[in-house]
Amino acid sequence: MPLADPDLSDSTAFVTGTTRGIGKRIALALADQGCNVVSTGKTTDADDSELEGSIEQTAREVRERGPEALALELDLRDEDRVEAVVEEAIDHFGEIDIVINNASAIQLANVADLPADRFDLLTDVNVRGTHLVAHAFADHLADLDEAWLLTNAPPVTTDRSPGKAPYAWSKLGMSFITLSLAEELASDDVGCNTFWPVTTIDTRATRYFGLGTEDDWRTPEVVSDAVLEILARDPAECTGNSFYDEDLLHEAGVTDFSAYNVTEGDPAPMSARLFAPEYERED
C-alpha cells in the first residue's frame, strides 16, 4: 500500500497510553520512522498485574528499532505528575515536537446507570487529562519551528448521545480542546488535529466491553498508519482538522483495507457511528 514514510529521525514524540493497543502501536510506528519516544502510562514492569504490556516493554521495543526511548509512569488525573513528566521528558530530549493524546477511559452507560465516581474517571482521564497535557506542552510546542499535537478523539458531530452520554461528553471534550488549541496556536506552526477510527479497533477495552465481534474489528495498525499520514504533512497547513482513519488512507491511495481486518469479514463503521449515528461511507 502506498503509505506515507515520513522521516522522523530528528523528532521526539510524547505518547500517552503506550502500554498496549493503539498507543503502543503508534509508538512503534513512530519508532519505525526513526522517532524517539516518551512512553507513558500507568502499567509498569514493577506492577503485579495480569495485564500484558508495560511502558518499559514498549520502550524496549522502541529501542530495538533504533531510536531512543524514555519510559515514565503517568496517571493523567495527577496534575503535578503530568507537569513533572513533561518537564522530565523535555529535559531529557531537549525538544518534544510530537505530542499524542491517546490514553482515555471508556464506560458505555446510560446517565441513570453511571455513578458519579465513574463519571469523574471519564472526565478526569479524557477531557481533563487532554487539557493538562496540552497545557503543559503548549508554550514548548509554540517555541519550535514545527510541531504537532494530535488527539485520539472523534469529530464533534452531535449534541446528544443516548446510552453513552458521559463517555461521549469526555471524548468530544478531548476534540474540543484540541481543535480550540489549533486556533490558539495558529500562528506558531503547530498542527493540532484529532484522529478517529471508522471501525472498532481490536484492543483490550474492545474485548472487555464486548464491542462487537472479531468480524467487526480492525487492528491498531490502521490507526497508526493514519497518524503517519498526518505527520507526513506540513503542520502549518494541516491544523484544526478532525480526521477519520479511512479518509486519510483513502487519500493515500488505499482501496483494500482487508490487511487491517481481524477476520475476513467487512467491518461496519461502528466507531464512527458511536458519535455520528447517520455516518455512511462515501462510495
Chemist: Which pair of heavy atoms, one from Thr199 and one from Arg281, lies closest together, and at what distance?
Modeler: CG2-NH2, 3.4 Å
Chemist: Taking Ala69's backbone N and O only, do any of them form a donor-acceptor pair with Arg63's side chain (distance below 3.5 Å, no angle check)?
Modeler: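 Here the side-chain-to-backbone pair exists.
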Chemist: Between the main-chain N or O of Thr40 and the side-chain N or O of Thr18, is there a donor-acceptor pair closer than 3.5 Å?
Modeler: yes
Chemist: Nearest 0.5 Å please: distance from the CD1 atom of Ile22 over to the CD1 atom of Ile100.
Modeler: 11.5 Å
Chemist: Between atom NE2 of His92 and atom OG1 of Thr12, what is the distance when rounded to the nearest 0.5 Å?
Modeler: 8.5 Å
Chemist: Main chain of Met270, side chain of Thr200: is a donor-acceptor contact present, judged purely on distance under 3.5 Å?
Modeler: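 Checked: no pair found.
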Chemist: State whether the side chain of Arg218 and the backbone N or O of Val198 hold a donor-acceptor pair below 3.5 Å, judged by distance alone.
Modeler: no
Chemist: So if I apply the side chain to side chain contact (heavy atoms under 4.5 Å, CB included) rule between Val227 and each of Leu150, Asp245, Val15, which one comes out positive?
Modeler: Leu150
Chemist: More than 12 heavy atoms of other residues, nucleotides or ligands under 6.0 Å from CG of Asp91: is that the case?
Modeler: yes
Chemist: Roughly how far, to the nearest 0.5 Å, is CG of Leu28 from CD of Glu64?
Modeler: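 CG of Leu28 is found 9.0 Å from CD of Glu64.
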Chemist: Please check if the number of heavy atoms outside His140 that lie under 6.0 Å from its NE2 is greater than 12.
Modeler: yes
Chemist: With a sphere of 6.0 Å drawn around CG of Asp117, does it hold more than 12 non-hydrogen atoms of other residues, nucleotides or ligands?
Modeler: yes
Chemist: For the pair Ser170 (side chain) and Tyr167 (backbone), establish whether a donor and an acceptor sit closer than 3.5 Å, ignoring hydrogens and angles.
Modeler: yes
Chemist: Tell me, with the steps shown, if Phe176 and His131 meet ring-ring contact (aromatic ring centres under 6.0 Å, His included).
Modeler: CA-CA 10 Å; Phe176 195 86; His131 169 75; over 10 Å; no
Chemist: Is the backbone N or O of Asp120 less than 3.5 Å from a side-chain atom of Thr123, with the two atoms forming a donor-acceptor pair by type?
Modeler: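 Side chain of Thr123 to backbone of Asp120, a donor-acceptor pair under 3.5 Å: no, none is there.
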Chemist: Applying a strict under-4.5 Å side-chain criterion to I, L, V, M, F, W and Y, I'd like to know whether Ile177 and Leu149 cluster together.
Modeler: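 Shared cluster, no.
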Chemist: Minimum heavy-atom separation for Pro6 and Ala232, please, with both atom names.
Modeler: CB-CA, 4.1 Å
Chemist: Tell me the closest heavy-atom pair linking Ile230 and Asn193, and the distance in Å.
Modeler: CG2-ND2, 4.3 Å
Chemist: Under 3.5 Å, is there a donor-acceptor pair between the side chain of Asp124 and the main chain of Arg77?
Modeler: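 Answer holds: no.
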Chemist: Could you tell me which non-hydrogen atom of Leu3 sits nearest to which non-hydrogen atom of Ala252, and how far apart they are?
Modeler: CD2-CB, 4.4 Å
Chemist: Given Trp196, which of Tyr279, Tyr244, Phe275 fulfils the ring-ring contact (aromatic ring centres under 6.0 Å, His included) condition?
Modeler: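 Of the listed options, the one satisfying the test is Phe275.
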Chemist: With a 4.5 Å limit on heavy-atom distance, are the side chains of Asn152 and Pro197 in contact?
Modeler: yes
Chemist: Distance-only, no hydrogens or angles: does the Asp189 side chain make a donor-acceptor pair with backbone N or O of Glu146 under 3.5 Å?
Modeler: no
Chemist: Does a donor on one side chain sit under 3.5 Å from an acceptor on the other, for Thr203 and Trp217?
Modeler: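 Checked: Thr203/Trp217 side chains show no N/O donor-acceptor pair below 3.5 Å.
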Chemist: Could you point out which residue of Thr178, Asp247, Thr194 forms a side chain to side chain donor-acceptor pair (under 3.5 Å) with Ser242?
Modeler: Thr194
Chemist: So how far is it from Asn101 CG to Phe195 CZ, rounded to the nearest 0.5 Å?
Modeler: 8.5 Å
Chemist: Got a sec: does the CG of Asp145 have more than 12 other heavy atoms crowding it under 6.0 Å?
Modeler: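 For Asp145, atom CG is not crowded (no more than 12 foreign heavy atoms under 6.0 Å).
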Chemist: Applying side chain to side chain contact (heavy atoms under 4.5 Å, CB included) between Asp97 and each of Ser11, Pro235, Cys35, report the one that passes.
Modeler: Ser11
Chemist: So for atom NZ, which belongs to Lys42, do other residues, nucleotides or ligands contribute more than 12 heavy atoms lying within a distance under 6.0 Å?
Modeler: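 It does not: Lys42 NZ has 12 such atoms or fewer within range.
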Chemist: If I take atom CG from residue Leu74 and atom CZ from residue Phe14, how far apart are they, to the nearest 0.5 angstrom?
Modeler: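 Interatomic distance, Leu74 CG to Phe14 CZ, rounded to 0.5 Å: 5.5 Å.
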Chemist: How about CD on Glu83, more than 12 heavy atoms from neighbouring residues, nucleotides or ligands closer than 6.0 Å, or not?
Modeler: yes
Chemist: Less than 4.0 Å between a side-chain N and a carboxylate O, is that true for Asp32 and Arg25?
Modeler: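 Yes, Arg25 and Asp32 are salt-bridged.
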Chemist: Evaluate the criterion side-chain contact (heavy atoms from CB on, under 4.5 Å) for residue pair Tyr260 and Glu246; output intermediate values, then yes/no.
Modeler: CA-CA 11 Å; Tyr260 298 117; Glu246 279 189 15; over 6 Å; no
Chemist: Without swapping roles, check the side chain of Asn126 against the backbone of Ala105 for a donor-acceptor pair under 3.5 Å.
Modeler: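 Yes, because the side chain of Asn126 sits within donor-acceptor range (under 3.5 Å) of the backbone of Ala105.
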Chemist: Between Thr206 (side chain) and Leu211 (backbone), is there a donor-acceptor pair under 3.5 Å?
Modeler: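 No, because the side chain of Thr206 does not come within donor-acceptor range (under 3.5 Å) of the backbone of Leu211.
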